[in-house]
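Residue numbers begin at 1 in each chain, while the letters A, B, ... track the order of the sequences.
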Number of protein chains: 4
Amino acid sequence: MILNKSQVAQDKREAILDAALDLLASCGFHGFSIKQLADKAGVAAGTVYLYFTDREDLIRQLHSEIVQTIAEAVFVDNESSADLWDQYQLFCRNLWLFYASHPRVLLAKAQFDHLPPATLRSEIESAWHLFKPLSDLYEKGRSQGSIKPLSNHILFGLSIGSLAFIARQLLLGFEDIDTDQFELIVKASWDAISTQPTAIFE
Amino acid sequence: MILNKSQVAQDKREAILDAALDLLASCGFHGFSIKQLADKAGVAAGTVYLYFTDREDLIRQLHSEIVQTIAEAVFVDNESSADLWDQYQLFCRNLWLFYASHPRVLLAKAQFDHLPPATLRSEIESAWHLFKPLSDLYEKGRSQGSIKPLSNHILFGLSIGSLAFIARQLLLGFEDIDTDQFELIVKASWDAISTQPTAIFE
Amino acid sequence: MILNKSQVAQDKREAILDAALDLLASCGFHGFSIKQLADKAGVAAGTVYLYFTDREDLIRQLHSEIVQTIAEAVFVDNESSADLWDQYQLFCRNLWLFYASHPRVLLAKAQFDHLPPATLRSEIESAWHLFKPLSDLYEKGRSQGSIKPLSNHILFGLSIGSLAFIARQLLLGFEDIDTDQFELIVKASWDAISTQPTAIFE
Amino acid sequence: MILNKSQVAQDKREAILDAALDLLASCGFHGFSIKQLADKAGVAAGTVYLYFTDREDLIRQLHSEIVQTIAEAVFVDNESSADLWDQYQLFCRNLWLFYASHPRVLLAKAQFDHLPPATLRSEIESAWHLFKPLSDLYEKGRSQGSIKPLSNHILFGLSIGSLAFIARQLLLGFEDIDTDQFELIVKASWDAISTQPTAIFE
DNA sequence: CATGAATGAGCTTTCATTCAT
DNA sequence: CATGAATGAAAGCTCATTCAT
């Protein structure tokens, strides 16, 4: 037996979180009952409470892991000294690749983002610190004059937010896009926030 | 007008839908119980079932009315022969004014848009026909070469979708923006989809 | 239909409390599940929550009714100006008759009196005001010198408390006592608190 | 000695019973979970089942030890040939001292005495043989004519039962009594069962 | 012997829906 | 038409008990 006890426990915890991700992605919070979750994870209902204090704790931890995973994936290989447009392209490409390979995460994340106001608000807000490279990019661009003078939240909505929205649309709508189109979309979202949009196209 | 809380609901069906809007905006689907709904609407729980076959039917009808109301508000005063950029500005301004005066609708709409995949999918898709003026704008722009060659879904995500996302952020985040900033945001979202973005700034 | 709606409701509330009394008397708090209670009362589990906010509320109300019922029964026909010994005899006789005809109440009361410390403590303490005629008797006797100089709690334990204890023993032990013996017990418990005990016997 | 918390439990069985006594005294049967018990006893939950077949068996054995311990304490130094009143005083004093030094036992005993009828009935009844010195005292007194002609159960309720009741009241009520009062209470409870009560006071 | 993770029955409570009035 | 008391399935959660280690 290669795995020791704590690894087995860790595995079970992950099995539960994985099942939760599945359930959240496919049924939303509506179908998210502990019984269903336990069934999908292949454990008894009571077992869930060995790893999480209650339903809310489970959801909170799932959210935390999802956000962290996304942030890690998006900012991998980033060099903060690089050209802003290059950085931006990298972020977009990383995000896209991640979503393509982890569609459940995208769908689940959207469920969190639209919880009844004030449910996980603080967690969602505090997650922003994980996206510091993006904030830095916006900040730097604004001070250079290469990015429009709008707040980070708004710039996010115009750029990466759009991209995530589109990714979700595609996932749900079964539409598909090729690499050329993807490049165009990234440029388009850059146009939204950049002050010299056309320069990029020529 | 169902969606205006200040008007006395003219009949019970409208009172119920109005109460449902309220609840959905403030509590999401989670806190949406028929008892609460009936109380808020000033009717008995059983009465709800005289106007709607069940909970799902009520939600479906609410969605339908919300989408219709939004579409009407956004496209009022539109002249399909006008300049595309002028049309776009009008749509944005209409949308913004509507959300400012009907925040509950924005919040409720977001709840619908993030229902578990496949719950209201067909309704959401079929709602697109109400947004024909927007599709037309995209179509016309694409054929003129003034709008990027991307599908309507994607263009929507880059333009109006962004705007709605930002509006929601503001509603929830207590951030506030002035008219100048709003104009800038509209231009930014136009930059995302336009092929001659800078022309607008000069 | 003679009974109006509110009477029916009252009846159901009483049916539930009556079933609760039954259950508490026969099974104690251990066997006191809402499901069992509802079954015994002939209603659905959910119905209990139409009349009581939760399990604790139900128990609290049951306790309140039990204590009030006992107090009423014990002090009926009391004349506070009467001879103390006569008053005492009346209280004992009333208590005894009540328990003989309402054994479940005695058994249930004992369950309350031995709840985990601090559960219903305040209620139990506050119930003392209902036993004012008894406190008055103790007080008067003490100031006259005809009752031993001990606190009310202690006098209670020596007199009525003993009687209740004995009644419970008999109920549980199937022992039976006749009227003569009862008279003797009453005198015995009076001896415990009186300063001139023997005077009574001759 | 199991019942003395300050001594390190000498083996696990004793540790478990000691923890059970603690829990029972402080939380009653309600808060008595095997997990809590095991934690308090410093063993694993499964270990409990090595020493007791199940929860009920544990409770039964705890009851048995408690009763035995009390009986031993109450009748220590008794000389069955001594004067009845002297013997009675000794019993009372022993009981009082025991309770003062082992309040948990008093509180736990009360929990047992008010279990749902028929749960521990046979145990409770069979425990009477441990109180033989007391039965003998009653018996002797009755045949001498110095104690009232009432059954042992009833005499118990009037004398020692009262004392136990009062002791519990004091424990719970934070009331306190001094030695003089204690002497008075003992005399009072003797008055209840004696045929020559006043003789004692002069 | 001892552990404690795992189980699953059973608890309290909520709520969509029905139906007698 | 309208009511709201009643229902009972299903939710989140606890806990006595088992068993592989």
Nearest-angstrom distance from the residue atom [atom1] of [X] to [atom2] of [N]:
| X | N | atom1 | atom2 | answer |
| --- | --- | --- | --- | --- |
| D:Tyr49 | F:dA20 | OH | C1' | 18 Å |
| B:Asp54 | E:dT18 | CG | C1' | 13 Å |
| D:Glu56 | F:dC15 | CD | P | 19 Å |
| A:Asp57 | F:dG12 | CG | P | 14 Å |
| C:Arg13 | F:dA5 | CZ | P | 15 Å |
| B:Leu23 | E:dC15 | CG | C1' | 14 Å |
| A:Leu58 | F:dG12 | CG | C1' | 12 Å |
| D:Leu37 | F:dT14 | CG | P | 19 Å |

Check for a donor-acceptor pair, side chain of [X] on one end and backbone N or O of [Y] on the other, with a separation under 3.5 Å.
| X | Y | answer |
| --- | --- | --- |
| B:Asp18 | B:Glu14 | no |
| B:Gln111 | A:His114 | yes |
| C:Ser26 | C:Asp22 | yes |

So what does B:Val48 hit on the nucleic acid, given a heavy-atom distance under 4.0 Å: a base, only sugar-phosphate, or nothing? nothing
Can you tell whether the side chains of D:Arg60 and D:Glu65 come within less than 4.0 Å, N to carboxylate O? no
State whether A:Arg168 and A:Asp113 are salt-bridged, where the test is any N-O pair (Lys NZ or Arg NE/NH1/NH2 against Asp/Glu carboxylate O) under 4.0 Å. no
Mind checking whether [X] and [Y] have side chains closer than 4.5 Å, heavy atoms only?
| X | Y | answer |
| --- | --- | --- |
| D:His30 | C:Leu115 | no |
| A:Phe52 | A:Ile59 | no |
| B:Val105 | B:Leu21 | yes |
| C:Val67 | C:Lys109 | yes |

Heavy-atom nearest nucleotide on DNA chain F for C:Val43 versus B:Leu50: which residue maps closer to 5'? B:Leu50
N or O in side chain of D:Tyr51 less than 4.0 angstrom from E:dA2 OP1/OP2: yes
Review item, nucleotides 9-11 of chain F N/O atoms under 3.5 Å of protein N/O:
none

Output field dot_bracket for DNA chain F (Watson-Crick or G-U, both distances under 3.5 Å, | for other-strand pairs) contains .||||||||||||||||||||
